[in-house]
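Below is one structure, written out as structure tokens; comments come after it.
Computation of the quantities below employed the complete heavy-atom set of this structure, encompassing side-chain atoms and omitting hydrogens, waters and symmetry-equivalent molecules. Chain letters run A, B, ... following the sequence lines, proteins first and then strands; every chain starts at 1. On a predicted model such as this, the values are computed, not experimentally measured, just so you know.
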Protein chains: 2
Amino acid sequence: MPELDAIDRKILSHLQNDSRMTMQELADKVGLSVSPCHRRVRLLEERGVISRYIATVDQKALGLHVSVFISIKLARQKEEDLNRFARAISKWDEVLECYLMTGNRDYLLRVVAADLASYETFLKTKLTRLDGIASIESSFALSQVKYSIALPV
Amino acid sequence: MPELDAIDRKILSHLQNDSRMTMQELADKVGLSVSPCHRRVRLLEERGVISRYIATVDQKALGLHVSVFISIKLARQKEEDLNRFARAISKWDEVLECYLMTGNRDYLLRVVAADLASYETFLKTKLTRLDGIASIESSFALSQVKYSIALPV
DNA sequence: CGTCTGATTGGTAAAATATCCCAATATCGG
DNA sequence: CCGATATTGGGATATTTTACCAATCAGACG
């Protein structure tokens with residue numbers, strides 16, 4: 001796997017913030033002409049460094065006013081239990097992020113919902129119906145101070 | 001602000017997962033021809049429902065192996081203190097997410113770093129140098145079970 | 001039940017952009 | 001300094017986006 005050089009990193013940095021700019025614009029910004037710039041982008045895609053191109057949607061515009069962080073502890077932590085839990089939460093669109101954690105909590109989830117009522121529905125019809133959960137603790141976000149998808153390059 | 005109808009939601013749902021498909025493909029998927037589909041996308045952009053188009057980059061490919069959640073409590077919670085904190089963390093690329101929380105912790109941050117050493121550098125040279133922080137508590141993610149940018153539509 | 005009005009759709013053509021090919025240039029090891 | 005290899009740049013072509021306009025559809029109202 002070849003290393004990323006300074007130009008590759010510039011390309012990633014720009015595309016992480018705006019993937020709609022033209023190759024000409026991107027090439028200008030990174031100091032190349034269109035051809036080599038295009039080839040570098042294609043290689044980054046093929047190597048999986050660039051994984052996808054997506055549109056970001058405004059959470060408020062969709063009426064999703066509630067963001068919740070949920071700490072979860074499982075009754076047992078065998079691999080089979082962890083896998084079962086992972087499969088379940090992967091299906092649910094409300095769960096945007098899920099991490100297996102160190103410390104005394106097993107999982108940390110970020111969940112969005114339209115309001116408290118629909119969050120309660122999510123809890124009652126989905127999360128609490130899972131087997132093997134020892135405890136659930138919800139912490140609500142009052143506001144999103146920063147949200148970025150752009151990794152430091 | 002006009003409501004989003006079923007076709008708008010289909011458009012958003014597809015573009016959240018792949019913004020590189022052509023208008024022709026998208027139009028086929030939502031059951032329209034290119035013209036009205038294109039017009040709807042443009043309106044969604046103008047209304048701010050679609051906020052940006054971006055490339056997603058693979059965290060491992062960049063060598064960012066450490067994900068940390070940091071709970072922070074401030075010494076005081078006056079608006080001026082909150083704003084000062086928000087301005088500071090907004091500048092730092094390592095901080096991908098920051099939420100103002102309910103409960104006994106003021107902020108929850110998600111931070112990425114190459115390894116523990118560079119995370120320590122982040123703490124020592126940036127976070128702990130901020131004034132007005134009463135306590136910092138780091139929780140490490142062992143693995144990312146799910147990470148999605150696609151909001152439920 | 002028909003007709004009018006405004007909004008939405010679909011097709012087409014022009015403009016912008018991506019993509020590919022090949023020659024020119026730069027880089028690195030000896 | 002020279003040769004081999006990788007990278008770059010320009011131009012031609014194919015694809016895609018975008019704007020325009022006529023046709024269709026939905027709903028209000030007599």
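- Under the side-chain contact (heavy atoms from CB on, under 4.5 Å) criterion, A:Ser67 pairs with A:Gln59, A:Val112, A:Ala141, sequence neighbours left out.
- Every residue was checked against the salt bridge (charged side-chain N to carboxylate O under 4.0 Å, His left out) condition with A:Lys29, not counting sequence neighbours, and none meets it.
- Contact check for A:Val95 versus A:Val111: side-chain heavy atoms found under the 4.5 Å cut-off.
- Rounded to whole Å, atom P of C:dA7 lies 15 Å from atom CG of B:Asp5.
- Within a heavy-atom distance below 4.0 Å of DNA chain C, the residues of residues 22-34 of chain B found are B:Leu32, B:Ser33.
- Remark: A:Ser143 pairs with A:Val145, B:Leu100 by the side-chain contact (heavy atoms from CB on, under 4.5 Å) rule, at least two apart or across chains.
- Distances were taken from every side-chain heavy atom of A:His38 (C-beta onward) to each of C:dT19, C:dC20, C:dG10; the shortest belongs to C:dT19.
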In B/S/- notation (B base, S sugar-phosphate only, - none; protein heavy atoms under 4.0 Å), nucleotides 23-28 of chain C written 5' to 3' is ------
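- A donor-acceptor contact closer than 3.5 angstrom links the side chains of B:Tyr119 and B:Ser138.
- Counting only residues at least two apart or in different chains, salt bridge (Lys or Arg N to Asp or Glu O under 4.0 Å) contacts with residues 91-105 of chain B comprise A:Arg110-B:Glu97, B:Glu94-B:Lys126, B:Glu97-B:Arg110, B:Arg105-B:Glu137.
- Scanning for salt bridge (charged side-chain N to carboxylate O under 4.0 Å, His left out) contacts around B:Arg39 gives an empty result, with sequence neighbours left out.
- Atom P of nucleotide C:dA18 and atom CZ of A:Arg20 are separated by 10 Å, given to the nearest angstrom.
- Sorted by first and then second residue, the pairs that involve residues 4-15 of chain A and meet salt bridge (Lys or Arg N to Asp or Glu O under 4.0 Å), not counting sequence neighbours, are A:Asp5-A:Arg40, A:Asp8-A:Arg40.
- Bending across the helix from C:dC1-D:dG30 to C:dG30-D:dC1, expressed as the angle between its end axes from five pairs apiece, amounts to 40° (10° rounding).
- Protein atom CZ of B:Arg40 is 11 Å distant from nucleotide atom C1' of C:dA7, rounded to whole Å.
- Side chains of B:Asp115 and B:Ser118 form a contact here, defined as non-hydrogen atoms less than 4.5 Å apart.
- Here the side chains of A:Ile72 and A:Phe85 are in contact, with some heavy-atom distance below 4.5 Å.
- Under the rule for a side-chain contact (heavy atoms from CB on, under 4.5 Å), the partners of A:Asn17 that lie at least two apart in sequence or sit in another chain are A:Ala150, B:Arg52.
- Note on residues 12-25 of chain B: pairs passing salt bridge (Lys or Arg N to Asp or Glu O under 4.0 Å), not counting sequence neighbours, are A:Glu45-B:Arg20.
- Chain A approaches DNA chain D over the interval D:dT7 to D:dG11, counting the first and last nucleotide 5' to 3' with an atom under 4.0 Å from its heavy atoms.
- If you check the side chains of A:Gln24 and A:Asp28, you find a donor sitting under 3.5 Å from an acceptor.
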